[in-house]
Every structure is written in structure tokens, then in C-alpha cells.
2 protein chains.
Amino acid sequence: MENKLPTITEIARRLNISASTVSRALHNHSSIGLRTKMRVQELAKELNYEPNQTAIFFQQRKTFTIGVVLPELSEAFFSAAISGIEDCAYKNKYTVLMGQSHDSEEKEKQIIETMKSHRVDGLLVSIANKTNNYDHFESLKRYNIPVVFFDRIPDMPDIHYVACNLISGTIQAINFLIKKGHRVIGMLNGPEKLAASKEREEGYIQAMKKNRLKFDPTLVVNCDLSTDKVYAATEHLLKLKRKPTAIVVFNDYVALDAVQYARRQKLRINKDICFVSYANLPISHYTAFPPMASVEQFPYLQGQKATETLLELLSNKDSGQEGTNTYYKIILESQLVIKENNIADQVL
Amino acid sequence: MENKLPTITEIARRLNISASTVSRALHNHSSIGLRTKMRVQELAKELNYEPNQTAIFFQQRKTFTIGVVLPELSEAFFSAAISGIEDCAYKNKYTVLMGQSHDSEEKEKQIIETMKSHRVDGLLVSIANKTNNYDHFESLKRYNIPVVFFDRIPDMPDIHYVACNLISGTIQAINFLIKKGHRVIGMLNGPEKLAASKEREEGYIQAMKKNRLKFDPTLVVNCDLSTDKVYAATEHLLKLKRKPTAIVVFNDYVALDAVQYARRQKLRINKDICFVSYANLPISHYTAFPPMASVEQFPYLQGQKATETLLELLSNKDSGQEGTNTYYKIILESQLVIKENNIADQVL
DNA sequence: TAGCGATGTGCAAACGATTGCGCCGGTTTG
DNA sequence: CAAACCGGCGCAATCGTTTGCACATCGCTA
């Protein structure tokens with residue numbers, strides 16, 4: 001119980017040498033004689049000595065901790081991403097501090113504040129849906145805490161980020177639909193501000209152009225991703241004069257809602273109306289009417305790359321080359337995954 | 001850039017007073033004159049002073065950080081639980097260090113090691129599936145780091161834990177099925193070692209007894225929860241001479257596989273065979289053939305309670321009453337949730 | 001024999017904040 | 001008028017570790 005944890009000073013006292021010698025001995029410093037080294041290391045092992053990290057953190061102005069701020073762990077994308085982050089971090093002796101914004105800007109600010117005060121070495125952030133104001137990120141720069149954004153990237157200059165290029169995946173998706181005979185294709189897109197939304201639209205436009213189809217802007221609707229808004233957006237698309245026969249939806253979750261709405265309207269999924277979406281979640285495998293295809297965004301890989309990038313920034317910082325004004329912009333390519341015949345097919 | 005962060009000493013220097021006065025002024029200590037207090041607080045605000053937590057952690061031998069070790073964030077149960085943990089922690093100015101064991105004992109050990117070395121104040125743990133050896137937890141006791149287990153509880157004496165009693169929920173489930181007219185009810189249970197499996201079986205037995213039905217042990221099968229094994233177990237149950245008309249399944253994920261298997265056998269779900277399971281996941285709402293009902297285990301609440309418990313242990317520790325040999329064993333009641341008409345119903 | 005380079009150690013400062021104790025000057029009290 | 005008291009503040013130690021520098025000892029060379 002009252003086993004005070006052994007310290008370097010304690011070891012020094014017992015061996016009648018100085019703390020500095022002990023410290024150096026434990027680090028295998030070359031200037032310490034072999035005999036002393038051995039004696040120190042032996043006693044350290046015997047006493048079960050473990051360095052007091054809090055002291056070291058303090059002294060070195062470094063915590064070997066990275067903060068991760070993301071919207072929602074219950075979304076499969078993020079839980080996969082955090083696995084990538086964690087694996088990479090632990091491999092490099094870093095530790096992961098977690099915070100969910102639940103898509104609230106307020107919460108996001110708080111978390112960032114807390115993490116800043118806990119002196120994390122760096123941050124990995126996927127911003128909240130509704131975040132409009134980026135001051136809390138700007139302030140981090142002044143504190144010299146590097147940030148790498150992933151997946152949900154704010155519209156700011158001079159930032160590091162890792163993202164998945166959705167243009168290619170979107171083009172693949174549209175091509176797929178066109179090949180299936182669709183000509184009027186709707187897009188149920190996310191908030192306009194998100195880079196991810198812009199890319200989807202961009203891909204949509206490019207694909208239409210490449211296929212020599214006219215781009216009809218009324219076929220693209222933006223909405224935040226709440227169920228109600230998704231219903232409304234789906235309704236809007238389905239009531240257009242030029243009614244789409246297929247819809248590309250922001251992601252698999254949203255697609256579930258959109259499908260739900262369509263079914264309430266007595267539409268036959270995959271006959272009257274087809275859906276393609278993003279994320280390629282495993283659950284949609286079990287789902288009643290999964291999208292016909294889904295664009296994989298490689299969350300684990302994104303998490304991993306983002307972490308690697310951050311760690312590199314940190315090691316540059318340590319070696320003193322702070323001011324390098326280069327910004328990492330890492331882009332992975334997305335990829336369309338066409339679903340096998342699903343459960344629903346078997347029903348019919 | 002080279003804006004060295006302001007420290008208490010810096011403030012003291014500028015004001016020509018001592019650091020101790022500054023510290024006390026910032027803490028509104030009663031022995032500091034109003035004038036000085038104001039001057040200090042003003043300058044602090046002006047310089048954007050923020051206390052260096054690492055220094056405080058070090059000095060106070062406390063990190064205001066709790067470690068969370070759990071098997072798999074991609075499981076909805078755990079991502080919900082961690083939300084409860086996080087919310088509670090942040091409310092109390094604590095911060096959350098995360099680690100996933102991915103159900104590996106080795107990984108679990110490593111994470112605990114890392115967290116110990118990072119000097120977390122306490123731990124919240126849901127153990128890995130395959131963990132047989134609990135030495136790494138025993139060792140924490142010696143370091144005086146309190147642990148509260150949740151959901152997946154190891155079979156050890158003298159531990160704190162929060163869990164959900166599945167007996168009541170199971171009884172409700174069986175009663176529900178019996179009321180629907182089922183008489184031969186199977187149970188597809190998890191690994192025998194898990195307390196959670198034992199409880200399910202116990203509930204099953206009790207419910208049968210209460211309904212004056214004979215308990216037939218052959219109707220209960222255990223298996224680890226891989227898809228293959230689930231298929232096999234389902235097959236086993238469906239091939240019994242006394243073939244069940246309903247099966248109670250370990251959880252919703254497993255139920256998805258069991259359903260899948262049954263459908264491959266051309267059985268009509270909810271007609272030839274009914275399923276009831278545990279977890280009450282939102283996804284099953286969108287699923288082709290969700291279980292008719294599911295036992296809710298309140299993960300968010302479990303996370304919250306576990307965190308509260310841990311925080312209480314920590315505050316007891318601070319106030320010096322270490323040795324109290326009482327162990328918290330908090331049990332929540334589970335509850336059967338009967339699903340509304342689902343998508344599949346609408347199909348038929 | 002003086003000087004020199006290794007080699008092995010210790011001293012002390014530094015990181016930033018907290019806190020017990022003591023000091024100083026002024027006011028109250030007996 | 002001296003004693004006691006108190007508000008307001010500073011000194012210095014402390015937490016555990018790292019690290020630049022100085023120092024001591026020894027053997028070797030010039």
C-alpha cells in the first residue's frame with residue numbers, strides 16, 4: 001500500500017551516487033562506467049522502477065499524447081478511423097485522448113479547449129457538421145499545436161489534412177448508373193459548406209459531362225443530414241418534373257432514410273428508384289434495401305495516414321524546423337463497391 | 001510565434017510581486033488583497049494566461065485523466081457506452097484516454113501498461129473476450145490505480161463493476177414469446193465463460209420454470225460469436241427433433257447472422273421461426289428482418305454509472321480514505337423492447 | 001614533471017505551480 | 001502604551017527528471 005513508487009532519487013540514495021548518474025545510467029549514456037550502469041539497472045529492476053512520466057512530460061514540454069476530436073463514434077466511419085489512429089499512435093508510443101463533438105460547434109470548442117489545456121502534442125480533427133467558425137482552430141496555431149484534419153475538412157487556408165477524393169468514386173458511381181440505363185440521376189448531397197459535399201457535386205458534374213449528358217442543377221439538393229431533412233430532400237427530388245430514376249446519396253446512413261421515405265411512397269426500390277451511396281458500411285449488408293453500390297472511403301487508412309502526418313509534424317517540431325510553411329494535403333482515392341445480390345433480392 | 005506562453009512567474013515579474021501571490025490571487029485565495037487580486041487577474045487575462053496543466057499534474061500527482069479500455073469501438077454497445085463515459089468525465093473536468101483491445105489479451109495488457117505509465121488516475125475496463133489471465137489487473141492494485149469494470153466483467157473477487165442484469169430481460173423475452181404461443185424456444189448463447197452468457201441461460205431457465213414449461217437443455221447452445229459458428233449453431237437448433245419455433249439470440253449482430261442462415265434454409269422469418277435478441281441496436285430498424293424484440297442493456301447509462309463510480313473512488317482516494325474495503329457492484333435492469341412493425345412487414 | 005585527453009561523476013539549474021511558514025506594518029485591545 | 005492580532009504578502013521547499021558544465025582521477029606523452 002504505502003509502497004511509495006521508487007524514484008530516481010531513491011535509487012541514487014541507496015547507491016550513494018547522484019541522481020544525474022542514475023538518470024544517465026538508465027538511458028545508457030556513454031559517459032557512465034559499465035559497473036555503475038549495471039548496478040543502477042539492477043536496482044531499478046529490483047525496485048520495479050518506472051519513470052514518472054508526468055515529471056518527464058513537464059520537463060520536456062511534451063506529453064506524447066494526441067487529441068482526437070470527431071463528431072460521432074457510433075458512426076462506423078469514425079470508429080474505423082479511430083482504430084487506424086490508435087494503432088498508429090500506440091506503435092509510436094503515443095497515447096490517444098478522445099472527444100466527440102456530437103456535431104455541435106460548442107462541444108467541439110470545449111473539447112479543443114480541454115485538450116489544449118491538457119497540453120496534447122497535436123490534434124487530429126474531423127470537424128462538426130455545423131461548425132461555421134474556425135477561430136478555435138486558429139488559436140491553436142498560436143499555441144504551436146499542430147492539427148491534422150481528416151475526412152471533414154474545414155474551408156481554411158494553410159492547414160494539413162488527409163482526405164479521400166470523392167470525385168473519382170462519384171464518377172465511378174455515375175458511370176455505373178448510366179451503364180445500367182439511368183439518364184436522370186439525382187444527388188442528395190450534404191451541407192454545402194463541407195468540402196466533401198463539393199467534391200460529390202464536382203464528381204457528379206464531371207461524370208455527366210464525360211457521358212455527354214446535360215448537367216441539371218435542380219437534380220442536386222443539399223441538406224443537413226437529419227432524418228427530417230433527408231425525407232424532405234428525397235421528397236423534393238421525387239416530385240421533380242424531371243424525376244430521377246436513381247439517386248446518389250451522401251452516405252449509407254442517409255441512404256437508409258432516403259430509402260425509407262421512398263418506400264413509404266410505395267416506390268419499389270431498385271425498380272422505380274435506385275440508390276447509390278458512400279461509405280460502404282458492413283451493416284448495409286443486412287439491411288432491407290441496401291444501396292446498389294457504395295463508395296468506399298477507407299476510414300482506417302485515413303486515420304492511419306493522418307496520424308503518421310501528425311507524428312511527422314511533431315518530429316519536425318522537435319528538431320526545431322518549425323517555420324516550414326508547407327502544408328500536407330494527402331488525398332486517397334475513393335472506390336465504388338458494387339454490392340452483391342442482397343437479402344432483399346432474395347425476398348422478391 | 002516565439003510567444004512563449006505566459007507563466008505565473010512571468011506575471012509575477014511584470015507586477016513586481018512574488019509567484020506565490022500570483023498563484024493565490026488566481027485562486028481567489030482569501031489572504032490576498034483585493035487590489036492585487038484585480039491587478040493579477042487583469043494581467044492574466046490580458047496575457048491570455050493559462051495554467052500549465054502538466055506542471056500541475058506533476059505537482060499534484062494527479063492527471064485528471066481516466067483510461068478506458070474496451071474491446072471494439074465499432075460495436076454499437078461500446079460506442080454508446082463511451083459516450084456516457086465521455087460526457088460524465090468531461091462534466092467533471094476529466095479527460096478520456098482510449099484504447100481498444102480488439103479482444104486480444106496481449107493488446108489489453110499493453111494498453112494497460114501504457115496507461116499506467118501515463119499515470120491515469122483510474123481505469124474503466126470492459127475485458128477482452130479471450131482474456132483468461134488477470135494479472136495485469138492485479139498489478140494495478142499495487143499501484144493504487146482504481147479500476148471499475150463494466151459490461152464484460154472478469155471473474156475475480158474484490159472488484160468494482162457496473163453491469164446490466166440480463167436475467168430480468170431474458171424472462172421478459174421468454175414471457176413475450178410464450179404469450180405469442182411459442183412453446184419450444186431455443187437459445188443461441190455466447191461463450192460459456194462470460195457472465196453475460198450465464199445470466200441469459202439463468203433467465204431462460206427461470207422463465208420456463210415460472211411458466212410451468214420443462215427446461216430442455218438441448219435447446220440451449222453456446223458458441224463464440226463468429227459468423228461461421230453462428231451458422232453452425234443455428235443449424236444445430238433448427239435440426240433438432242424438438243425444433244424450436246423461436247430462438248433467443250445472444251445479440252442483434254448475432255441475430256443478423258442467424259436470420260441470414262434461416263433465410264437460406266427458406267424459412268420464413270416471423271412465421272416459421274421467430275427471433276428475439278439483445279442490445280436493441282438502432283440499425284436493426286433498417287434491417288431486412290429484425291428480431292421481433294430485443295433486450296435493451298443501456299450502454300450509455302452503464303458507461304455513465306461506471307464513470308461516476310470511478311470518480312467517487314478517486315475522490316475518496318484524495319480524501320485519504322483509501323483502505324475502505326467495500327466494492328461497488330452496480331446492477332442495472334435490462335428491459336425487453338418490442339419492435340414496431342418493421343420494414344419487412346411492409347414488404348409482405 | 002608538467003601537461004593533456006580520457007573517463008566517470010556530481011552540482012545545480014530548470015521546467016511551472018503550490019503551499020506552509022514567517023515577516024512586516026498597522027489596528028485593536030487590555 | 002505595550003501586547004496581541006491580523007491582513008497582505010514573500011521565501012523557499014517541493015514534485016521527479018534531464019542536462020550543461022565543472023571537477024576529479026588516472027594514465028600517458030612530451
Side-chain angles (χ1 to χ4, degrees), chain A residues 2-41 43-44 47-64 93 116-119 121 143-144 318 320, chain B residues 2-41 43-44 47-64 93 116-119 121 143-144 318 320:
Chain A
E2 302 325 328
N3 258 347
K4 280 292 180 195
L5 295 186
T7 69
I8 273 196
T9 332
E10 171 67 11
I11 297 184
R13 204 183 51 71
R14 296 209 192 195
L15 256 35
N16 262 322
I17 57 183
S18 79
S20 34
T21 304
V22 175
S23 170
R24 282 188 262 253
L26 291 173
H27 287 84
N28 252 316
H29 195 284
S30 63
S31 80
I32 300 295
L34 195 58
R35 261 198 70 72
T36 347
K37 243 182 220 173
M38 298 291 280
R39 292 206 309 145
V40 169
Q41 292 180 357
L43 184 58
L47 295 183
N48 252 313
Y49 168 77
E50 291 181 45
N52 182 335
Q53 296 287 1
T54 62
I56 299 177
F57 295 159
F58 169 50
Q59 208 265 51
Q60 317 246 307
R61 284 167 215 72
K62 195 163 182 228
T63 58
F64 285 95
K93 308 277 181 199
K116 193 171 73 185
S117 90
H118 270 248
R119 295 284 204 270
D121 292 337
Y143 286 87
N144 206 11
D318 286 349
Chain B
E2 303 323 329
N3 258 345
K4 280 293 180 195
L5 294 186
T7 69
I8 272 195
T9 331
E10 171 66 11
I11 296 184
R13 203 182 52 71
R14 296 209 191 195
L15 256 36
N16 263 321
I17 56 183
S18 80
S20 34
T21 304
V22 175
S23 171
R24 280 188 262 251
L26 290 173
H27 286 84
N28 251 316
H29 195 284
S30 61
S31 81
I32 300 295
L34 195 58
R35 260 197 72 73
T36 347
K37 242 182 220 174
M38 299 289 281
R39 294 206 307 148
V40 169
Q41 292 179 359
L43 185 58
L47 295 183
N48 254 312
Y49 168 76
E50 291 181 44
N52 182 335
Q53 295 288 0
T54 61
I56 298 179
F57 295 159
F58 169 49
Q59 206 260 21
Q60 318 245 306
R61 285 165 216 72
K62 195 163 182 233
T63 57
F64 284 95
K93 309 277 180 197
K116 193 171 74 184
S117 91
H118 270 248
R119 294 283 206 269
D121 292 336
Y143 286 86
N144 206 11
D318 286 350

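Chain identifiers are assigned alphabetically (A, B, ...) following the order of the sequence lines, protein sequences preceding nucleic acid strands; residue numbering begins at 1 within each chain. The figures here come from the full heavy-atom set of this structure, side chains too, leaving out hydrogens, waters and symmetry mates.
Of the possible polar contacts, none joining the A:T54 side chain to the B:F57 backbone as a donor-acceptor pair under 3.5 Å is found.
Annotation for B:I32 and B:A25: closest pair CG1-N, 4.0 Å, computed over non-hydrogen atoms. Summarising the geometry of A:K62 relative to A:D121, their closest heavy-atom pair is CG-OD2, 3.4 Å, with the distance given to 0.1 Å.
Residues meeting the side-chain hydrogen bond (donor to acceptor under 3.5 Å, both in side chains) test with A:S31, sequence neighbours left out: A:H29. Listed by chain and residue number, nothing satisfies the side-chain contact (heavy atoms from CB on, under 4.5 Å) test with B:R61 (two or more places apart in sequence, or in another chain). Here A:F64 pairs with A:Y94 under the ring pair (Phe, Tyr, Trp, His ring centres under 6.0 Å) rule; sequence neighbours left out. Scored by the side-chain contact (heavy atoms from CB on, under 4.5 Å) test, A:Q59 finds no partners at all (sequence neighbours excluded). Taking A:S18 as the reference, A:S20, A:T21 meet the side-chain hydrogen bond (donor to acceptor under 3.5 Å, both in side chains) condition, with sequence neighbours excluded. With sequence neighbours left out, A:K37 forms a salt bridge (Lys or Arg N to Asp or Glu O under 4.0 Å) with no residue at all. Contacts of A:E10 classified as salt bridge (Lys or Arg N to Asp or Glu O under 4.0 Å), with partners at least two apart in sequence or in another chain: A:R13, A:R14.
Atom P of nucleotide C:dT18 and atom CZ of B:F57 are separated by 12 Å, given to the nearest angstrom. Here C:dC15 presents its C1' atom at 15 Å from CD of B:E10, a figure rounded to the nearest Å. Between B:K37 atom NZ and D:dG7 atom C1' the separation is 12 Å, expressed in whole Å. Between A:I11 atom CD1 and C:dT9 atom C1' there is a gap of 17 Å when expressed in whole angstrom units. Rounded to an integer number of Å, the gap from CG of B:L15 to C1' of D:dG10 is 14 Å. Between the P atom of D:dC9 and the CE atom of B:M38 lies a distance of 14 Å, rounded to the nearest Å. Rounded to an integer number of Å, the gap from CG of A:N16 to P of C:dG10 is 9 Å. Separating the CZ atom of A:R39 from the C1' atom of C:dT9 is a distance of 12 Å, rounded to the nearest angstrom.
Looking at A:I17 and A:T36, their side chains come closer than 4.5 Å, going by heavy atoms from C-beta outward. A heavy-atom distance below 4.5 Å is found between the side chains of A:L43 and A:L15.
OP1 or OP2 of D:dC9 sits under 4.0 Å from a side-chain N or O of B:T36.
The overall bend of the helix from C:dT1-D:dA30 to C:dG30-D:dC1, read as the angle between its terminal helix axes built from five base pairs each, is 70° when rounded to 10 degrees.
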With 3.5 Å as the limit, what N/O pairs link the protein to nucleotides 22-26 of chain C?
none

Distances under 3.5 Å between protein N/O atoms and the N/O atoms of nucleotides 13-16 of chain D, please, pair by pair.
from: D:dC15; atom 1: O4'; to: B:R61; atom 2: NH2; distance (Å): 3.4

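To the nearest 0.5 Å, atoms OG1 (A:T7) and OH (A:Y49) are separated by 7.5 Å.
Contacts classified as salt bridge (Lys or Arg N to Asp or Glu O under 4.0 Å) and involving residues 23-34 of chain B (residues at least two apart or in different chains) are not found.
Proximity of residues 19-33 of chain A to DNA chain C (heavy atom under 4.0 angstrom from any strand atom) is restricted to A:S20, A:T21, A:R24, A:S31, A:I32, A:G33.
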